[in-house]
Student: 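The structure that follows is given in the form of structure tokens.
Just so you know, these numbers use all the heavy atoms, side chains as well, and skip hydrogens, waters and symmetry mates. Computed from a prediction, not measured in an experiment: that's the story for all the values here. Each ligand, and each atom within it, is numbered from 1 in the order the structure gives.
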Amino acid sequence: MNPREFARRRRALMRMIGKGGVAILPAASITIRNRDVEYPFRQDSDFQYLTGFAEPDAVVVLVPGREQGEFLLFCRDRDPARALWDGPRAGPDGAVSDYAADAAFPFNDVDEILPDIIEQCDRVYYTMGLQTEFDAKLISWVTELRQRGGGTHTPDEFIALDHLLHDLRLYKSRSEISALKKSAKIAVGAHRRAMTHCRPGMYEYELEAEYIHEFRSHGVECAYQPIVGGGANGCTLHYIENNKLLEDGDLVLADVGCEYDYYASDITRTWPVNGQFSTAQRELYEVVLEAHDAAIAKLEPGRHWNEPHDAAVRAITRGLQQLGLLKGNLKTLIKEGKYRKFFMHRTGHWLGMDVHDVGDYKVSDQWRLLEPGMVMTVEPGIYVPDLRSIPKRYRNTGIRIEDDVLVTRAGNEVLTAALPVDPDEIEALAGSAG
Ligand code: GLY
Ligand code: MN
Ligand code: MN
């Protein structure tokens with residue numbers, strides 16, 4: 001991401017905060033996996049969004065209009081001994097020279113320096129409840145300021161920072177869209193690779209390995225735990241064991257996406273393990289595809305967030321009714337939510353730096369209006385339970401089709417459109433690597 005992009009974001013946030021405010025945001029912490037093994041460090045999305053600074057033990061402070069500098073960064077000192085083990089750190093000098101901080105200080109000095117900055121301000125923008133250690137620090141600084149007395153100024157307002165920041169993050173800039181497109185392109189390639197290499201008798205994790213191979217070949221990681229479920233496992237929404245055999249005659253549902261430069265893709269395809277849908281599988285698949293297309297058709301500026309979902313619900317309920325899996329009047333079936341037995345999740349979510357990205361879905365209790373620059377998934381599905389009341393040929397079938405879609409001025413752009421959804425094309429791809 002270009003450094004100018006980070007500067008632009010900070011300016012936008014500072015405009016929202018205004019003079020007299022201070023925004024404080026700590027970086028993500030290192031998490032222990034077991035004993036002395038750490039999880040790979042991944043910067044907090046909000047912190048990354050504002051700084052591009054991907055180290056732990058750091059705090060960004062933005063003080064609009066402050067003469068001695070508006071963008072302050074606290075970070076770890078350089079440490080030649082640690083550098084031998086972990087590689088170099090930017091250090092406060094690097095924070096200024098490489099990350100455009102107006103001033104930077106050692107992380108350990110935050111207790112000394114930050115209270116004096118807070119004292120100059122009327123409003124503190126901070127998100128409580130995410131980093132309990134830092135929450136406690138902040139509370140103790142403010143308490144101390146209050147106790148000092150003798151004309152010490154203390155801010156009189158605490159405002160949730162994430163609310164402002166997440167509204168900014170909801171509207172993707174050109175460079176963000178470009179990163180999302182790259183992420184989508186790599187994930188499309190990975191799905192193609194997995195589909196073409198699929199054959200009965202493989203383990204689900206072998207199929208997962210095809211995705212990982214493609215991702216690591218492009219220097220990217222998974223954006224979330226891959227879901228690769230054959231047969232009935234496709235009905236478990238967050239199935240991540242991925243350790244069963246893929247059986248001839250079953251479908252496999254793969255929900256896998258990557259993270260490119262902090263931007264996620266999130267794609268699901270469902271295909272026949274042996275390369276050919278059974279009649280019952282194809283019938284269900286076509287209903288999901290209709291719902292997918294109906295939802296995307298409703299994705300354009302001026303429509304409410306919920307309209308694509310309503311369209312998908314309608315298509316799925318009608319399809320299930322036509323197959324005899326739901327019985328009764330269409331309107332009533334929708335109103336009473338009978339489709340939820342087969343389709344129990346929402347049709348999509350915002351997509352960005354976080355796979356389930358930030359941003360409110362409702363404003364003043366109304367579904368949000370879609371606007372250009374918003375990016376979301378469209379992911380209807382049908383998951384047929386193992387019930388005797390349902391014809392056997394349909395039971396234990398899980399199907400989801402998930403694409404990533406950008407709202408544009410003219411309507412929308414499906415960022416993952418290069419990956420087929422048509423059942424004939426899916427059949428042609430599945431197992432085609434021989
Ligand atoms: N991969 C998680 C989701 O589709 O929402
Ligand atoms: Mn997904
Ligand atoms: Mn999703």
Student: The criterion is ring-ring contact (aromatic ring centres under 6.0 Å, His included); which residues satisfy it with F47, sequence neighbours excluded?
Tutor: none
Student: Can you tell me which portion of D266 lies within the under-4.0 Å heavy-atom range of ligand 1? Options are side chain, backbone, both, or neither.
Tutor: side chain
Student: Kindly say whether the aromatic ring centers of W141 and F134 come within a distance under 6.0 Å.
Tutor: yes
Student: Relative to the heavy atoms of E402, which atoms of ligand 1 are at a distance of less than 4.0 Å?
Tutor: 4 (O)
Student: For the pair N412 (side chain) and I296 (backbone), establish whether a donor and an acceptor sit closer than 3.5 Å, ignoring hydrogens and angles.
Tutor: yes
Student: Going by side chain to side chain contact (heavy atoms under 4.5 Å, CB included), name the residues that satisfy it together with E413, two or more places apart in sequence or in a different chain.
Tutor: K181, L406, T408, L415
Student: Tell me, please, which residues at least two apart from D250 pass side-chain hydrogen bond (donor to acceptor under 3.5 Å, both in side chains).
Tutor: none
Student: Salt bridge between R9 and E176, side-chain N to carboxylate O under 4.0 Å?
Tutor: yes
Student: Can you check whether R400 has an N/O within less than 3.5 Å of an N/O in ligand 1?
Tutor: no
Student: List-wise, which protein N, O or S atoms are found short of 2.8 Å from the Mn ion (ligand 3)?
Tutor: D266 OD2, H349 NE2, E379 OE2, E402 OE2
Student: H356: heavy atom below 4.0 Å from ligand 1, yes or no?
Tutor: yes
Student: Report yes or no: does H191 contribute a side-chain atom to a donor-acceptor pair with the main-chain N or O of V256 at less than 3.5 Å?
Tutor: yes
Student: Quick one: does Y171's side chain have a donor or acceptor within less than 3.5 Å of a partner on P372's backbone?
Tutor: no
